[in-house]
Participant: 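Sharing a structure, written as C-alpha cells. Questions coming.
Predicted model only: the values in this text are computed from it and were never measured. Index from 1, following the sequence. The analysis underlying the following values was restricted to heavy atoms, covering all of them including side chains, and did not include hydrogens, waters or symmetry mates.
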Amino acid sequence: DDAIFPRQGVRLDANLAGSVQGLGSQLSFARFRLYGKGVYSLNDDNRLILRGQFGEMLTNDFDRMPITERFYAGGAPTVRGYRLFEISPVNVYGKRTGGQHLAVGSLEYDRVLFGDWGVAAFSAVGYVGNDFEGPVSTGVGIGARWRSPVGPVRLDVGVPLSKALDPVQVYLILG
C-alpha cells in the first residue's frame, strides 16, 4: 500500500537455477529458493513483519559446487544476531562450506513512537545444512527506525541465543 513504508502487503519471490554437465558446465545441479515477506498493520502505529526463506539444492557432487551457489544464513538479511553467512556447516579445518538446505524465518514488531521515528523488536531462526540434523540458530534483538524521505533507515542490535562467533551484532540497514 506504500512503496517506502508499507503497512499491508505480501511479497513472494522464487528463483530456480541450474546447469547440466556437458552443456557449458562441469557439474549438473538444480537450486530452488523461495522468499516470502508479509506486512500486517495492527493499527496506524503498530505492524508485524513476517519473513521466510526456503532453499533446496539437488546435485550428485556437492563438494564441487561453487561456494557462490551454496546456501548460507546469518546477518541482517536472514538471522540477526549472527555475522553475515555465519550459519553454515564447517569442514574439518573450521571453514564455512555452505549447505544444500536452507530454512529461515523471522518475526518483527514495529512501533511508531512519534513522527517518523519508531522502535522494533525481532526474533529469527535459521538452519543451513546438508542432512537436516544440524543445529538451528536463533537470534533476538531490538532496533531504532527512521522513515527518511528516501526510505527506511534501521539500526538494529541482535543477540544470538545459540552458539555464535560474537555475543552481539550491530546492523545499519538503509532502504
Participant: Nearest 0.5 Å please: distance from the OG atom of Ser28 over to the CG atom of Leu58.
Facilitator: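 Those atoms lie 11.5 Å apart.
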Participant: Is the closest side-chain donor-acceptor distance between Arg33 and Gln53 under 3.5 Å?
Facilitator: yes
Participant: Flag the pair Leu48 / Leu42 as yes when at least one side-chain heavy-atom distance between them is below 4.5 Å, and no otherwise.
Facilitator: yes
Participant: Applying a strict under-4.5 Å side-chain criterion to I, L, V, M, F, W and Y, I'd like to know whether Val119 and Phe114 cluster together.
Facilitator: yes
Participant: Compare every heavy atom of Tyr127 with every heavy atom of Val136, then report the nearest pair and how far apart it is.
Facilitator: CG2-CB, 4.5 Å
Participant: Working to the nearest 0.5 Å, report the span between NZ of Lys37 and CZ of Arg51.
Facilitator: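 With rounding to 0.5 Å, NZ (Lys37) is 5.0 Å from CZ (Arg51).
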Participant: Could you check if a side-chain atom of Tyr72 sits within less than 4.5 angstrom of a side-chain atom of Ile67, using non-hydrogen atoms only?
Facilitator: yes
Participant: Using atom types as modelled and distance alone, determine if a side-chain donor or acceptor of Gln8 lies under 3.5 Å from a backbone N or O of Ser41.
Facilitator: yes
Participant: Are Arg47 and Phe5 in a cation-pi contact, defined as NZ or CZ under 6.0 Å from the six-membered ring centre and within 45° of the axis?
Facilitator: yes
Participant: Of all heavy-atom pairs between Leu12 and Gly36, which one has the smallest distance, and what is that distance?
Facilitator: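 So the two residues come closest at CD2-CA, 3.8 Å.
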Participant: Above 12 or not: heavy atoms from other molecules or residues under 6.0 Å from CD1 of Ile173?
Facilitator: yes
Participant: Without placing hydrogens or testing angles, list every side-chain donor-acceptor pair under 3.5 Å for residues 99-106, not counting sequence neighbours.
Facilitator:
| unit_1 | atom_1 | unit_2 | atom_2 | d |
| --- | --- | --- | --- | --- |
| His101 | ND1 | Glu56 | OE1 | 2.8 |
| His101 | ND1 | Glu56 | OE2 | 2.9 |
| His101 | NE2 | Asn130 | O | 3.3 |

Participant: Would a distance-only check, ignoring hydrogens and angles, find a side-chain to backbone donor-acceptor pair under 3.5 Å from Thr97 to Pro89?
Facilitator: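 Yes, the answer is positive, given that a donor and an acceptor are paired below the 3.5 Å cut-off.
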Participant: Do you know which two heavy atoms are closest between Arg70 and Asp63, and how far apart they sit?
Facilitator: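 That would be NH2-O, 3.2 Å.
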Participant: Under 4.5 Å between any side-chain heavy atoms of Val125 and Val79, yes or no?
Facilitator: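 They are not in side-chain contact.
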Participant: Quick one: is the NZ or CZ of Arg96 closer than 6.0 Å to the six-membered ring centre of Phe85, and within 45° of its axis?
Facilitator: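 No.
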Participant: How far apart are the closest heavy atoms of Glu69 and Arg31, and which atoms are they?
Facilitator: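 That closest heavy-atom pairing would be OE1-NH1, 3.1 Å.
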Participant: Looking at Ala14 and Phe32, what are the two nearest heavy atoms and their distance?
Facilitator: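 That closest heavy-atom pairing would be CB-CE1, 4.2 Å.
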Participant: Run Asn46 and Tyr109 through side-chain contact (heavy atoms from CB on, under 4.5 Å) and show every step you take.
Facilitator: CA-CA 7 Å; Asn46 299 279; Tyr109 169 73; 2.2 Å; yes
Participant: Below 4.5 Å, heavy atoms only, C-beta onward: do Leu84 and Thr78 meet side chain to side chain?
Facilitator: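 They are not in side-chain contact.
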Participant: Is it true that Arg7 and Asp45 have a side-chain N and a carboxylate O under 4.0 angstrom from each other?
Facilitator: no
Participant: Kindly compute the distance separating OH (Tyr171) from CG (Leu155), expressed to the nearest 0.5 Å.
Facilitator: 12.0 Å
Participant: Ignoring hydrogens and geometry, is there a side-chain-to-backbone donor-acceptor pair from Thr138 to Ser162 under 3.5 Å?
Facilitator: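 Checking the backbone N and O of Ser162 against the side chain of Thr138, no donor-acceptor pair under 3.5 Å is found.
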Participant: Roughly how far apart are Phe62 CZ and Phe29 CZ, rounded to 0.5 Å?
Facilitator: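 Nearest 0.5 Å value for the CZ-CZ distance: 11.0 Å.
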Participant: Applying a strict under-4.5 Å side-chain criterion to I, L, V, M, F, W and Y, I'd like to know whether Phe132 and Val128 cluster together.
Facilitator: no
Participant: Does Leu27 belong to the same Ile/Leu/Val/Met/Phe/Trp/Tyr cluster as Leu16, with side-chain heavy atoms less than 4.5 Å apart forming each link?
Facilitator: no
Participant: Roughly how far, to the nearest 0.5 Å, is the OG atom of Ser88 from the NZ atom of Lys95?
Facilitator: 12.0 Å
Participant: For residues Ala164 and Glu86, report the shortest heavy-atom separation together with the two atoms involved.
Facilitator: CA-OE2, 3.2 Å
Participant: For the atom pair OH (Tyr35) and CG (Asp13), what is the distance rounded to the nearest 0.5 Å?
Facilitator: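 Atom-to-atom, Tyr35:OH and Asp13:CG are 7.5 Å apart.
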Participant: Within a reach of under 6.0 Å around CG of Leu113, are more than 12 heavy atoms found that belong to other residues, nucleotides or ligands?
Facilitator: yes
Participant: Could you check whether any side-chain heavy atom of Val112 comes within less than 4.5 Å of a side-chain heavy atom of Arg147, counting everything from C-beta outward?
Facilitator: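 SC-SC contact between Val112 and Arg147 confirmed.
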Participant: As a quick check of understanding, evaluate side-chain contact (heavy atoms from CB on, under 4.5 Å) for Arg80 and Gln169, giving each step before the final call.
Facilitator: CA-CA 7 Å; Arg80 287 170 280 185; Gln169 289 287 313; over 6 Å; no
